[in-house]
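Presented below is the structure to which this report refers.
Here is how names work: the chains are called A, B, and so on, in the same order as the sequence lines, proteins then strands, and each is numbered from 1.
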Amino acid sequence: MEASMRYQTMFDKTSSNNHLAYIPFVIVGDPNEELSLQIIDQLVESGADGLELGLAFSDPVADGPVIQQAALRPMANSFSIEAGLNLIGKVRAKYPQLPIGLLTYANLVFAQGIETFFNKCRNVGIDSVLVADCPVKESQLFAKTAENSGLQLVFIAPPDASDETLKQIADNSKGYTYVLSRKGITGTEVAATKAKTGFLGKLREFNSPPLVQGFGISEPKHVFDAANAGVDGIITGSAIVNLINQHYNNPQIMLEKIGDYVRSIAQAAHTNHADTA
Amino acid sequence: MSLNDTSSSKFEYDGAYIGQYGGQFVPQILVPALEQLEEAFENAITDDEFLSELNSLLNNYAGRPTPLTECKTFGRTENCRVFLKREDLLHGGAHKTNQVLAQALLAKRMGKTRIIAETGAGQHGVATALACALLGLKVTVYMGKKDCDRQAPNVFRMRLMGAEVIPVDNGSASLKDAINEALRDWASSYDDTHYLLGTAAGPHPFPKMVKRFQQVIGEEAKKQMLEQTGQLPDAVIACVGGGSNAIGIFADFIKEEQVKLIGVEPAGHGLDSDAHGATLLKGTEGIIHGARTHTLQTDEGQIIESHSISAGLDYPAVGPEHVHLMTSGRAEYVGITDEEALEAFQELSHAEGIIPALESSHALAYAKKVSQGVKQPTVLLVNLSGRGDKDLSHVMSVLEKGGDI
Ligand SMILES: Cc1ncc(COP(=O)(O)O)c(C=O)c1O
């Protein structure tokens, strides 16, 4: 399937049912390669519509303590970036239709040569790349190369951004736009709030791709708030990663808990939200 | 003083960049905070009221101008004279105070009530704590857990002056992780909080701003050199951690093409060992702490921990302007090992009655080397960026172990 079509196909399907797309996040290689693949299977089998997969980085400034802790495990196991991308290749082989986004930091893209890195991403079947420390004003460093590699570059829209910035984000974000309802870093310590509808409306007015909300979503209630504000999808990261942090020494229980959790969020996302909105 | 002549225009910032280095590689959420800071900074440095308030603090509180001292014996040979710019005599004990006072004033001007800062050795934390005590600002200092243990007296100094010190235990628990933690705090607190970064690195406008507020070092030194010797120095030598004391003393000499600019990096156990902090000489281009610059990293881009006997130089990245000065050939960068620095530390103490900071000892050691090789009459200007009191217990324990570092 053409990379650029997977998100659109997903959103066509979820929005025709008035559902939200549910995109869970984990770090690849966490806690190790084998369990990481099993966790990802569990996410998909429990109702994920797409995946957001992170590469462990030594200096993750956009992440709170939960995801920082998770990133330390693959690094301690010398699980390389190369291994992480290859793992994603295995996921792609299993799920040919599933939208897969990569979450990374600028230096991991830059270090190997931007073109080399993006070509590897394309070759393992990644659809989109979100560079957590690349704001839209620095997008020129990556945008052209990403496009040439057939990758969709995703940008983050914060709730208090100026109209000018929102327009730039809407223009440059491909596949989807990652929207925040609150400031800060990843984590469930500060819960998501209902995103301001004005700011979402602005993004739509500027013809943004579909809006996916993340940061601080951990409970079904947050999903309903998000639907109510009018987004197209949601991402949960820290809530799942927290289960890995707590139970990685007991894989059976870890996988069960992740399954239960993902089903509860998927169920909320896959409710007919026609009346919620 | 701005560098207006065209020959030096390639050494000026173009927006967020100097050459191809710099930029604002931060999460989108932080961009408005940086833009607000940039605007306030550009506005303040053309505002006489701000500048006179700053000057009054620098002169009457911090003790500027600092003296320029010619060494009687250190580095003195038939052909060589060595002059020290005495930032060790600045209140707080290091050059850090210059730009901390300026940023703290700027924070007040922006209506911020709380300051956050990172610190490695604790010198920047101490400078921030004193400025905030003076100006009535609340302050939280992030400090790597390892550094808190290594630099306990500075932790106490900060707390004594009212700062909250938060040990950072994630990542490598050192300076780079303290910077990460400060950036994370700022991502949700910028409405009322200013991030007072401690060196000429990080995202724009920090490198440009810190340079502007440290350039007083070079401006004074230039005047004093002319008064005392009637000439400009042949070379200006400074140690490079993040790059603030070096860019501060270099700034006013960049346009003086006949003056050599030499930055001294911590070579730790040796430039060819894997324990050093020589980011410019041995690092590669990368994106870290908001800037495109040089960093110590693996082939895949994971940042590697640095090593130096001096905590203040123990940082795996560097300010973007130094990369530009190096690649353009305007400045030269060299390495000095732990051992050589330790020797210079003792030698200056013994020869001149001045105990230098271990950081500054790197610049001194290189000046000594130069002095021994020169055939022509040569005048060296060395930035004595700080005093060594903070290093006494560390040096004592190293020397007791027979100098094994
Ligand atoms: C005395 C002294 N000199 C130099 C440095 C290195 O910093 P920079 O390169 O920003 O001048 C430090 C940092 O703590 C310091 O305390």
Side-chain angles (χ1 to χ4, degrees), chain A residues 55-65 68-69 71-72 75 78 80-85 104-113 117 130-142 155-162 165-166 168-169 178 180 182-187 189-190 215, chain B residues 15-17 20 22-36 168-172 174-191 193 202-204 283-293 295-305 316-317:
Chain A
L55 293 174
F57 178 51
S58 53
D59 295 79
V61 289
D63 286 307
Q68 285 176 49
Q69 198 184 328
L72 292 176
M75 303 229 310
S78 305
S80 64
I81 298 301
E82 188 79 18
L85 293 174
T104 182
Y105 283 87
N107 200 48
L108 296 180
V109 181
F110 191 81
Q112 307 193 19
F117 183 85
L130 197 172
V131 183
D133 53 349
C134 182
V136 72
K137 69 193 297 184
E138 299 290 358
S139 63
Q140 72 280 1
L141 183 62
F142 299 121
F155 290 93
I156 291 187
D160 58 357
S162 66
T165 304
L166 291 177
Q168 276 182 349
I169 290 166
Y178 197 128
L180 308 184
R182 60 154 175 82
K183 300 174 187 171
I185 51 178
T186 61
E189 296 84 357
V190 183
F215 283 32
Chain B
Y17 284 84
Q20 68 187 46
Q24 289 185 329
F25 291 90
V26 294
Q28 185 75 50
I29 192 88
L30 278 172
V31 171
L34 293 172
E35 288 176 349
Q36 183 198 18
V168 177
D169 204 8
N170 41 32
S172 58
S174 64
L175 177 58
K176 78 177 177 68
D177 308 283
I179 295 178
N180 294 339
E181 211 48 36
L183 286 168
R184 291 180 187 119
D185 179 319
W186 208 29
S188 59
S189 65
Y190 55 80
D191 280 341
T193 298
H204 180 72
T284 48
E285 202 178 333
I287 296 171
I288 178 69
H289 292 148
R292 181 168 174 180
T293 183
T295 183
L296 302 178
Q297 58 183 323
T298 67
D299 291 345
E300 290 195 328
Q302 306 290 2
I303 308 304
I304 301 174
E305 276 181 68

* Asked: Looking at residues at least two apart in the chain, or sitting in another chain, which of them share a salt bridge (Lys or Arg N to Asp or Glu O under 4.0 Å) with B:Glu305?
  ->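 Per chain and number, B:Glu305 pairs via salt bridge (Lys or Arg N to Asp or Glu O under 4.0 Å) with B:Lys146.
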* Specify which of A:Asp63, A:Val190, A:Thr165 makes the most heavy-atom pairs with chain B at under 4.5 Å. =>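 Highest number of heavy-atom pairs under 4.5 Å: A:Asp63.
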* **Most chain B-contacting option - heavy-atom pairs closer than 4.5 Å, from A:Val61, A:Asp133, A:Leu180** =>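 Winner by heavy-atom pair count: A:Asp133.
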* Select, from B:Leu30, B:Ile179, B:Asp177, B:Asp191, the one with the greatest count of heavy-atom pairs under 4.5 Å involving chain A. =>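 Looking at each option in turn, the highest pair count goes to B:Asp191.
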When rounded to the nearest 0.5 angstrom, what distance separates [atom1] in [X] from [atom2] in [Y]?
X	Y	atom1	atom2	answer
A:Ile169	B:Gln28	CD1	CD	4.0 Å
A:Ile81	B:Asp299	CD1	CG	12.0 Å
A:Ile185	B:Leu183	CD1	CG	10.5 Å
A:Lys137	B:His204	NZ	NE2	7.5 Å

* Heavy-atom distances under 4.5 Å only: say whether B:Gln20 touches chain A with side chain, backbone, both or neither. =>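 The answer is neither part of B:Gln20.
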* Asked: Which answer fits B:Glu181, side chain, backbone, both or neither, if we ask what part of it has an atom under 4.5 Å from a heavy atom of chain A?
  ->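 Only the side chain of B:Glu181 comes within 4.5 Å of chain A.
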* Check for a donor-acceptor pair, side chain of A:Arg182 on one end and backbone N or O of B:Ser188 on the other, with a separation under 3.5 Å. =>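 No; zero donor-acceptor contacts below 3.5 Å.
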* Would you check if the side chain of B:Gln302 reaches a backbone N or O of A:Ala56 as a donor-acceptor pair within less than 3.5 Å? =>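 The answer is yes, because a donor-acceptor pair under 3.5 Å joins these two groups.
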Measure [X] against the heavy atoms of chain B and call it side chain, backbone, both or neither at under 4.5 Å.
X	value
A:Pro65	neither
A:Phe110	side chain
A:Gln69	neither

* Going by heavy atoms in the side chains, are A:Tyr105 and B:Ile303 under 4.5 Å from each other? ->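 Sidechains of B:Ile303 and A:Tyr105: no contact.
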* How about B:Asn180 and A:Asp59: do any of their side-chain heavy atoms sit closer than 4.5 Å? ->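 Side chain of B:Asn180 against side chain of A:Asp59, heavy atoms only: contact under 4.5 Å found.
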Which atom names give the shortest non-hydrogen contact between [X] and [Y], and what distance separates them?
X	Y	answer
B:Val26	A:Pro135	O-CD, 3.1 Å
B:Gln297	A:Asn107	OE1-ND2, 2.8 Å
A:Glu82	B:Glu300	N-OE2, 2.9 Å

* Asked: Between A:Asp160 and B:Tyr190, does a side-chain contact (heavy atoms from CB on, under 4.5 Å) hold up when you go through it step by step?
  -> CA-CA 12 Å; A:Asp160 58 357; B:Tyr190 55 80; 2.5 Å; yes
